[in-house]
Amino acid sequence: MPIRPRRPTVLLAALALGLAAGGAAPPSQAQSQAQRITPNFKDADITQVIEAVAAATGKNIIVDPRVRAQVTMLSSTPMTPDAFYEAFQALLQVHGFVAVPSGKTVKIIPDANSRTLPGNDLPDRVSATSDELVTQVVSVRNVSAVQLVAILRPLMPQNAHLAAYPSSNMLVLSDRANNVSRMVRIIRRIDQESDADIEVVPMQNASAAEVVRTMSALNPAQVQGAEGGVAPLRAVADERSNSILLAGDKTQRLRARTLIAYLDTPLANGGDTRVRYLRYADAEKIAAKLKEQLSAGAAGGAAGASGGPTTIWAEPETNALVITAPAKTMNSLMAIVDKLDIRRAQVIVEAIIVEVSADKAAELGVNWVLDGTQNGNVVGGFIEPVGGVSIVDLARAVDDPTTLTAAPRGTTIGIGRLKDTGINFAAVVRALRGDSSTNIIATPSIVTMDNQEAEIKVAQEVPFVTGQYTNNSGGGTPLAPFQTIQRQEVGTILKVTPQINEGDSVMLKIEQESSSIAASSSGAVDLVTNKRTISTNVLIEDGGTVVLGGLIQDSQTGGEQRVPFLGRIPVIGEAFRTRSAKKTKTNLMVFIQPRILRDGLDATIETNQKYNYIRDQQRRLGPQREVLPLLPGEQRAELPPLPEAGAAPRNAPPPAPAPAEPKP
């Protein structure tokens, strides 16, 4: 059978004095003082506790329908009705409800809706132990009420209300009385009058701006205010009077003055002279620029050049600057050197020159000659060189082979009769076909610093005859024959000036030349060179590739030598003509690819890649194998492997042994 839950009981001593037969009547003051209540609720419905509170205190209570909970309220000692009501308010707070008085009625509602209903507004005194809902306005005198909101908000419950009124610098709090009392005590502790003031500290030896910069680097939190708060100390440099303005707490100002007095001391040695060793810049160039800066400042009446004599000179052997100047001018010059003496980024530029060409040529012709040596017969024939060789050359070579300097190219078929008597004749048919192709890829690369021109040449110096003298035609003393020769570079030449822009783009000023000696120089008095040049400015992203330009050429030529009229006769006309045809196709493209090397790591990675590539090419050749080696025991030269990061360099002395540990 189901078990009936036990009804909660409450022991109310003398409770019957305040209860009428038909309902509950409010007890008098004497009755309230005489009543003693010992609550004993275990897992009871909260409405039963509310009924007991209403009966004990005589309050009219309205319960929100959303107020539902099983509660436990136990006490081992009797309590008065007022104490019982305060315990009831604590019980409501534990379960997320609140009792809001409204005239003679008390409303029991969820805690989330408490801020929208009026409670005990602006009481004369806020209880430090009560759980009633109160609203209090606190006036703040020395600090900002808006800034206090960010500090106090984490200390209050989620359903509590905290807001600032900036116009009158007041805070509005709405929460339970005990927490509002705690917040008011915290606000009073924070709202203290400060002895902040402003002090002016003149500098005697040091620069005010330099001292403030040193103080900021030492403790930024003391010089710069935190977000949303008030800075405990502020230090500002007045360059005109070379003074420091301090604003903040008296203790903080005292600390700052102590530090400033220590920094504002004359140099221990050297007076106003400093030696600045440069790490990246050229001391001689920087010294010249600084002198120009001082001269321009003196001419324009600038303050940077006043305060005393200034001398600057460079020591090239140690790459150092020696500067003698007053403190203010010295700081200005050092600031300029700091900006100039920086590590400049480097750029590796790779050019890709690709040339693909194909040449086709063909020649076909018939040569014949008829020689009548008796009775005055007429000589006839058709003679036209095919492939540079004619039938006359071939006939002469039959009698004297030395007249033929080179063997005829192509196919030659001939017939004839060469006798001392009778009619001699000869006929040849020559056919010649030539095909050639070229595939050239050149990738010159060069590394240079930002805004620094660099040039790489991979070329040969080819001699060209520019003049000659064979003999003295006059009547004077004869001179020895001579020739004048000029050498010209033939190969690949790359000249580039990179400029790194903001971001990852590079602007390149490029002059590219690729030249070679032509294979055929027919009709020329000397060698013929093929020359291709590009001069342009381009903008490329870091690591990108762009085409600089190129040439696509397709040419076709043809020729025919024939006897008029006879050469056009079908079939028979082939004996009276020679033909030639030539087709050339050239594809030339030039590409460029820059990569920025911003630090030593990027430069090391790029160097290692190139180094290992060349080393792999050497190793692919393999060992030199000979049956009878001419130099036994000799090995092919090969690059050594790169040392690992952190390894000691070659030929480095061995590390010193560690000291022995003392024996106990």
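Just the heavy atoms: all of them, side chains too, but no hydrogens, waters or symmetry mates, feed the values below. This is a predicted model, so every value here is computed, not measured.
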**Study point:** Flag if over 12 foreign heavy atoms under 6.0 Å of CZ, Arg433
**Key:** yes
Check your understanding: Is any side-chain heavy atom of Leu551 closer than 4.5 Å to a side-chain heavy atom of Arg532?
Key -> no
Review point. Atom CG in Leu263, atom CE in Met215: separation rounded to 0.5 Å?
Key: 8.0 Å
Review point. Measuring from Ile540:CD1 to Met507:CE, what's the distance to the nearest 0.5 Å?
Key: 11.5 Å
Review point. What do the steps show when you test Ile353 against Gln512 for side-chain contact (heavy atoms from CB on, under 4.5 Å), and what is the final call?
Key: CA-CA 10 Å; Ile353 306 171; Gln512 169 71 47; 3.0 Å; yes
Point to revise | Over all atoms of both residues, closest heavy-atom pair of Gly544 and Pro594 | key: O-CD, 3.4 Å
Check your understanding: Between Ser514 and Thr492, what is the shortest heavy-atom contact and its length?
Key -> OG-OG1, 4.3 Å
Revision key, fill the gap. d(Met449 CE, Arg343 CZ) to nearest 0.5 Å is 10.0 Å
Practice item. Give a yes or no on whether the backbone of Ala283 and the side-chain of Asn319 come within a donor-acceptor separation of less than 3.5 Å. Key: yes
Review point. Where do Pro640 and Arg615 come nearest, in terms of heavy atoms and distance?
Key: C-NE, 3.6 Å
Exercise for review: Identify, with sequence neighbours excluded, every residue that meets side chain to side chain donor-acceptor pair (under 3.5 Å) alongside Glu453.
Suggested key: none
Practice item. Any chance you could lay out the salt bridge (charged side-chain N to carboxylate O under 4.0 Å, His left out) test for Asp338 and Arg276, step after step, and finish with the verdict? Key: CA-CA 10 Å; Asp338 291 338; Arg276 174 67 180 268; 2.6 Å; yes
Point to revise | Residue of the set Asp504, Asp450, Asp542 for which salt bridge (charged side-chain N to carboxylate O under 4.0 Å, His left out) holds with Arg598 | key: Asp504
Exercise for review: Report the residue from Leu597, Ile500, Ile446 that forms a side chain to side chain contact (heavy atoms under 4.5 Å, CB included) with Val347.
Suggested key: Ile500
Practice item. Please name the pair of heavy atoms, one in Ala314 and one in Ala287, separated by the smallest distance, quoted to 0.1 Å. Key: CB-CB, 3.9 Å
Practice item. Verify the neighbour count for atom CD1 of Ile552: are there more than 12 heavy atoms of other residues, nucleotides or ligands below 6.0 Å? Key: no
Review point. What do the steps show when you test Glu511 against Glu455 for side-chain contact (heavy atoms from CB on, under 4.5 Å), and what is the final call?
Key: CA-CA 9 Å; Glu511 293 183 7; Glu455 182 181 14; over 6 Å; no
Practice item. Find out whether Val322 and Thr273 are in side-chain contact, i.e. whether some heavy atom of one side chain is under 4.5 Å from a heavy atom of the other. Key: yes
Practice item. State, with a plain yes or no, whether a side-chain heavy atom of Gln617 is found less than 4.5 Å away from one of Tyr613. Key: yes
Exercise for review: Output, in order, the C-alpha distance, side-chain angles, deciding distance and verdict of side-chain contact (heavy atoms from CB on, under 4.5 Å) for Lys531 and Val490.
Suggested key: CA-CA 8 Å; Lys531 190 174 183 180; Val490 177; over 6 Å; no
Review point. Where do Ser505 and Glu502 come nearest, in terms of heavy atoms and distance?
Key: OG-O, 4.2 Å
Review point. When you look at CD of Glu239, are more than 12 heavy atoms from neighbouring residues, nucleotides or ligands closer to it than 6.0 Å?
Key: no
Point to revise | Residues that Thr484 engages under side chain to side chain contact (heavy atoms under 4.5 Å, CB included), provided they are two or more places apart | key: Thr466, Phe482
Practice item. Using only heavy-atom distances, determine whether the side chains of Thr586 and Ser357 contain a donor-acceptor pair under 3.5 Å. Key: no
Review point. How many angstroms lie between CD1 in Ile441 and CD1 in Ile352, if you round to the nearest 0.5 Å?
Key: 8.5 Å
**Study point:** Heavy atoms from other residues, nucleotides or ligands near CD of Gln618 exceed 12 (cutoff 6.0 Å)
**Key:** yes
Review point. Around Glu315, counting heavy atoms of other residues, nucleotides and ligands shown, do more than 12 lie under 6.0 Å from its CD?
Key: yes
Check your understanding: Does a side-chain heavy-atom distance below 4.5 Å link Thr310 with Met330?
Key -> no
Check your understanding: Roughly how far, to the nearest 0.5 Å, is the CZ atom of Arg619 from the CG atom of Leu639?
Key -> 11.0 Å
Exercise for review: Calculate, to the nearest 0.5 Å, the distance between atoms CE and CZ belonging to Met334 and Arg274 respectively.
Suggested key: 5.0 Å
Practice item. Give the minimum heavy-atom separation between Ala345 and Ile596, together with the two atoms involved. Key: CB-CG2, 4.3 Å
Review point. Given side chains that start at C-beta, do those of Leu278 and Leu340 come closer than 4.5 Å, heavy atoms only?
Key: no
**Study point:** Any donor-acceptor N or O pair under 3.5 Å, side chains Gln593, Thr545
**Key:** yes
Practice item. Please indicate whether Tyr280 has more than 12 foreign heavy atoms, meaning atoms of other residues, nucleotides or ligands, lying under 6.0 Å from its OH. Key: yes
Exercise for review: Would you indicate whether Gln609, at its atom CD, is surrounded by more than 12 heavy atoms from other residues, nucleotides or ligands within a distance under 6.0 Å?
Suggested key: yes
Exercise for review: Please report the C-alpha distance between Met589 and Val547 in whole Å, then the side-chain angles of each, then the deciding distance to 0.1 Å, and finally whether the side-chain contact (heavy atoms from CB on, under 4.5 Å) criterion is met.
Suggested key: CA-CA 7 Å; Met589 288 292 170; Val547 59; 4.2 Å; yes
**Study point:** Test item: Asp341 and Ile286 side chains (from C-beta on) under 4.5 Å apart, heavy atoms
**Key:** no
Review point. Is there side-chain contact between Leu333 and Ile312, with at least one heavy-atom pair below 4.5 Å?
Key: yes
**Study point:** Arg344 side chain near Gln452 side chain, heavy-atom distance below 4.5 Å
**Key:** yes
